[in-house]
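Below is one structure, written out as structure tokens, with a few remarks after it.
Note that ligands are numbered from 1 as they come in the structure, with each ligand's atoms numbered from 1 the same way. These figures come from a predicted structure and were not determined experimentally. Numbers here are sequence positions counted from 1.
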Amino acid sequence: MASSFNIVRGLSSLAPRLSGKVAVVTASTDGIGYAIARRLAQEGAKVVISSRKEKNVQKALEKLHQDGLKETIGLPCHVANKEDRAKLFNLVSEKFGGLDILVSNAAVNPAVGDVYDCPEDVWDKIFEVNVKAAFMLSKEAIPLLRKRGGGSIVYVSSIAGYQPISLLGAYSVSKTTLLGLTRVGSLDLAKDNIRVNCVAPGIIETKFSSALTETESAREIVLNNVPMRRIGKPDEISGAVAFLCSDDASYITGETILITGGTPCRL
Ligand code: NAP
């Protein structure tokens, strides 16, 4: 009894595990990105949110501020736009004086059909946003992370990266690519004390997945593959990301956490 009491008392006296950290979360005005930004802020980080539309940024900031998360700022940033990314990193340096955490979360999925029917321009768009932007954001963040003596990068992949989702072939390939970037990036950046990890959500209730979750029949098809028999929530992704960004994960790099309600999947 005495020792468990001490453990509990010890934990309650700990500072929030991300206090003093500065985070950038892309595509963070809605869905999984918003949940991640809110969770990192709740755990003490200063957070820069962003997405393409100014009005979405303002709305998300209002909600965060109403929740008492005052050390959150934001700006419009289309992740595939070089100038937008430059403004994002300028803002984080100017307002928060550096960067410790990058969460690369944006993705698009404009193609539905067999993978070899995907038009070239659509393939390019998917890879530009889902893969190249994650790579470029990381490249641009690394000097800032190095200045702080290290940090953490987290990519948001998908269960589709392991187990292709029917008719979402090009998207699935893009998400598998992020698993590779996580492995290679973690090896190259270990010497800089920068950890590179990834989360691969299953089907999570957001606008992005609405085609798979809106109707009873679509939900039933999804749930047939989910042992926990329910669709996930954005907040069920954000805790894993906060863990990966924190010192609790200080010896974890190059890993992907699958958050799928137990859906079997492998590469
Ligand atoms: P969501 O709810 O539809 O939210 C998308 C967010 O991204 C919005 O804030 C949107 O705001 C922003 N956005 C879209 N395109 C952008 C771009 N090019 N640059 C910057 N921001 C952009 O989507 P979600 O379901 O949370 O998905 C987030 C990530 O989780 C994606 O990488 C997705 O592949 C992954 N994922 C989702 C699921 C799922 O079932 N939901 C499963 C596995 C993986 P604006 O419109 O203002 O830009």
Could you tell me the residue and atom name of the protein heavy atom closest to atom 40 (O) of ligand 1, and the distance to it rounded to 0.1 Å? I204 N, 2.8 Å
Checking heavy atoms under 4.0 Å, the part of A133 that sits near ligand 1 is neither
Ligand 1 and V79, any nitrogen or oxygen pair closer than 3.5 angstrom? yes
Reference residue R146; test side-chain contact (heavy atoms from CB on, under 4.5 Å); the match among L99, D192, N193: D192
Polar atom proximity, I159 to ligand 1 (N or O, under 3.5 Å): no
Any donor-acceptor pair under 3.5 Å linking the side-chain atoms of S157 with those of Y162? no
Hey, are E43 and R39 close enough for a salt bridge, meaning a charged N less than 4.0 Å from a carboxylate O? yes
Which protein non-hydrogen atom lies closest to atom 45 (P) of ligand 1, naming both residue and atom, and how far is it? S51 OG, 3.5 Å
Should G202 be listed as contacting ligand 1, given a heavy-atom distance under 4.0 Å as the test? yes
Relative to the heavy atoms of N105, which atoms of ligand 1 are at a distance of less than 4.0 Å? 28 (C), 29 (C), 30 (O), 31 (C), 32 (O)
Any nitrogen or oxygen of S50 lying under 3.5 Å from a nitrogen or oxygen in ligand 1? Just yes or no. no
Does ligand 1 have any atom sitting under 4.0 Å from a heavy atom of Y34? no
When distances are taken from atom 41 (N) of ligand 1, the protein heavy atom at minimum range is T206 OG1, 3.0 Å
Would you say V129 has any N or O atom under 3.5 Å from an N or O of ligand 1, going by distance alone? no
Taking R219 first and then E205, would you say they form a salt bridge - that is, a charged N and a carboxylate O separated by under 4.0 Å? yes
Counting heavy atoms not belonging to K207, are there more than 12 under 6.0 Å from its NZ? no
With atoms numbered from 1 as shown, which atoms in ligand 1 lie under 4.0 angstrom from a non-hydrogen atom of C77? 19 (N), 20 (C)
Within a 6.0 Å radius of atom CZ on F135, are there more than 12 heavy atoms belonging to other residues, nucleotides or ligands? no
Numbered atoms of ligand 1 (with element) below 4.0 Å of G31, judged on heavy atoms: 2 (O), 26 (O)
Could you check whether E54 and Q58, counting side-chain N and O atoms only, form a donor-acceptor pair closer than 3.5 Å? yes
Short side-chain to backbone donor-acceptor contact, H65 and T72, under 3.5 Å: yes
Looking only at protein heavy atoms, identify the closest one to atom 36 (N) of ligand 1 and say how far it is in Å. Y171 OH, 3.9 Å
Which of the atoms in ligand 1, numbered in the order shown and given with their element, are less than 4.0 Å from a heavy-atom of I203? 40 (O)
Side-chain contact, heavy-atom cut-off 4.5 Å: T213 with I203? yes
Between L178, V25, I36, which is the residue that forms a side-chain contact (heavy atoms from CB on, under 4.5 Å) with V156? I36
Nearest-contact summary for atom 18 (N) of ligand 1 - protein heavy atom, Å: H78 CE1, 3.3 Å
Give me the nearest non-hydrogen protein atom to atom 14 (C) of ligand 1 as residue plus atom name, then the distance to 0.1 Å. R52 NH2, 3.5 Å
Which heavy-atom pair separates V226 from V222 by the least distance, and what is that distance? CG2-O, 3.5 Å
Determine, counting only non-hydrogen atoms of the protein, whether one lies under 4.0 angstrom from atom 31 (C) of ligand 1. yes
Show the atoms of ligand 1 that are less than 4.0 angstrom away from any heavy atom in K207. 2 (O), 3 (O)
When you measure from the side chain of R38 to the backbone of L64, do you find a donor-acceptor pair of N or O atoms at a distance under 3.5 Å? no
I'd like to know whether CD of E220 has more than 12 heavy-atom contacts from other residues, nucleotides or ligands below 6.0 angstrom. yes
Proximity flag K175 to ligand 1, non-hydrogen atoms under 4.0 Å: yes
Give the residue and atom name of whichever protein heavy atom lies nearest to atom 1 (P) of ligand 1, and the separation in Å to one decimal. F208 CB, 3.9 Å
I need the nearest protein heavy-atom contact for atom 7 (O) of ligand 1: residue, atom name and distance, please. A27 CB, 3.2 Å
Ligand-side contact atoms (ligand 1) for residue partner N56, heavy atom cut-off under 4.0 Å: 45 (P), 46 (O), 47 (O)
Looking at ligand 1, does any of its N/O atoms fall within less than 3.5 Å of an N/O of I32? yes
S209 neighbourhood, listing ligand 1 atoms whose heavy-atom distance to it stays under 4.0 Å: 39 (C), 40 (O), 41 (N)
For E236 and I204, run side chain to side chain contact (heavy atoms under 4.5 Å, CB included): C-alpha distance rounded to whole Å, both residues' side-chain angles, the deciding distance at 0.1 Å, then the answer. CA-CA 9 Å; E236 294 180 292; I204 306 297; 5.7 Å; no
Between T29 and N56, do the side chains contain an N or O donor and an N or O acceptor separated by less than 3.5 Å? no
Ion pair D30/K59, N-O distance below 4.0 Å: no
Test your reading of the structure: does S158 have an N or O sitting under 3.5 Å from an N or O of ligand 1? no
Report, in ascending order of atom number, the atoms of ligand 1 lying under 4.0 Å from any heavy atom of S157. 35 (C), 44 (C)
